[in-house]
Amino acid sequence: MQYVPTMGPVHFDYIENWDVNALAFESDNHDFVGVYVGAIVTIYSFFGSLLAYPRFLMSIGNPLAEEEWKSDIVDPKQLFRQPKDLARRSFAHLIATIAIDFLLAHEIGHLMNGHVKLLRTRKGMPLLAEFDPTQKTREENLTLQRLEMDADAFAVGQGLTTALGRAGDPTHVFPPDWRQWYGTSRQALFSWTLAIYGFFRLIFEGHGQSRRSR
Ligand SMILES: [Zn+2]
């Protein structure tokens, strides 16, 4: 198996920072993924408040159980609303988890496909952060954009394999309340696509700076 690149253990941890970011790095043949707590909270509250709105995704659960937003003024507490209807809450939980899984798989992709090693040995970059404000040359940006697309492709493969696998045997899906969203492959792809579309809209339009790949 000499053609398969070797890879050390991957260590994962949350980073106590309320910004939206994630990073990958390696040290002594150990690989590390760090996800900012802010990314997790932002993703969960985003999908929770979407499903807590009665006129969004009316085909999911019982939207009439949800309350209309009372005013046009954004109350910060409203941003952390979760759906009242159990099925809508289950769906919000599922798509938030799919989005977070995508982010994790994307970071693993950076490690498994050798991006982190390449940037460290060729460019002396100690870590690869998704949102990196340092100025880059045009050539560096092109290289980094390729790496982002490659990591996204890795995460898409992982996500679709999981989604279709769950639809193939919903009895193996946990928690059990998610099984209702995997009745058919079409349903599985709908949830996955919605989660990833929402994730990209959230991350790249709600964020002050654009990721290198945009
Ligand atoms: Zn990336």
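Heads up: numbering here begins at 1 and tracks the sequence. In each ligand, atom 1 is the first atom listed, and ligand 1 is the first ligand listed.
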message: Restricting to N, O or S atoms, which atom of E148 is closest to the Zn ion (ligand 1)?
response: OE1
query: Using 30° and 60° as the class limits, which term best fits the ring planes of F32 and F25: parallel, tilted or perpendicular?
result: parallel
query: Can you check whether F91 and W181 have ring centres sitting under 6.0 Å from each other?
result: yes
query: So with a 6.0 Å cut-off around OH of Y14, is the heavy-atom count from everything else above 12?
result: no
- prompt: From E107, does some N, O or S atom reach closer than 2.8 Å to the Zn ion (ligand 1)?
  reply: no
message: Rounded to the nearest 10°, what angle sits at the Zn ion (ligand 1) between NE2 of H106 and OE2 of E130?
response: 100°
- prompt: Within 45° of the ring axis of Y53 and under 6.0 Å from its six-membered ring centre, is that where the NZ or CZ of R88 lies?
  reply: no
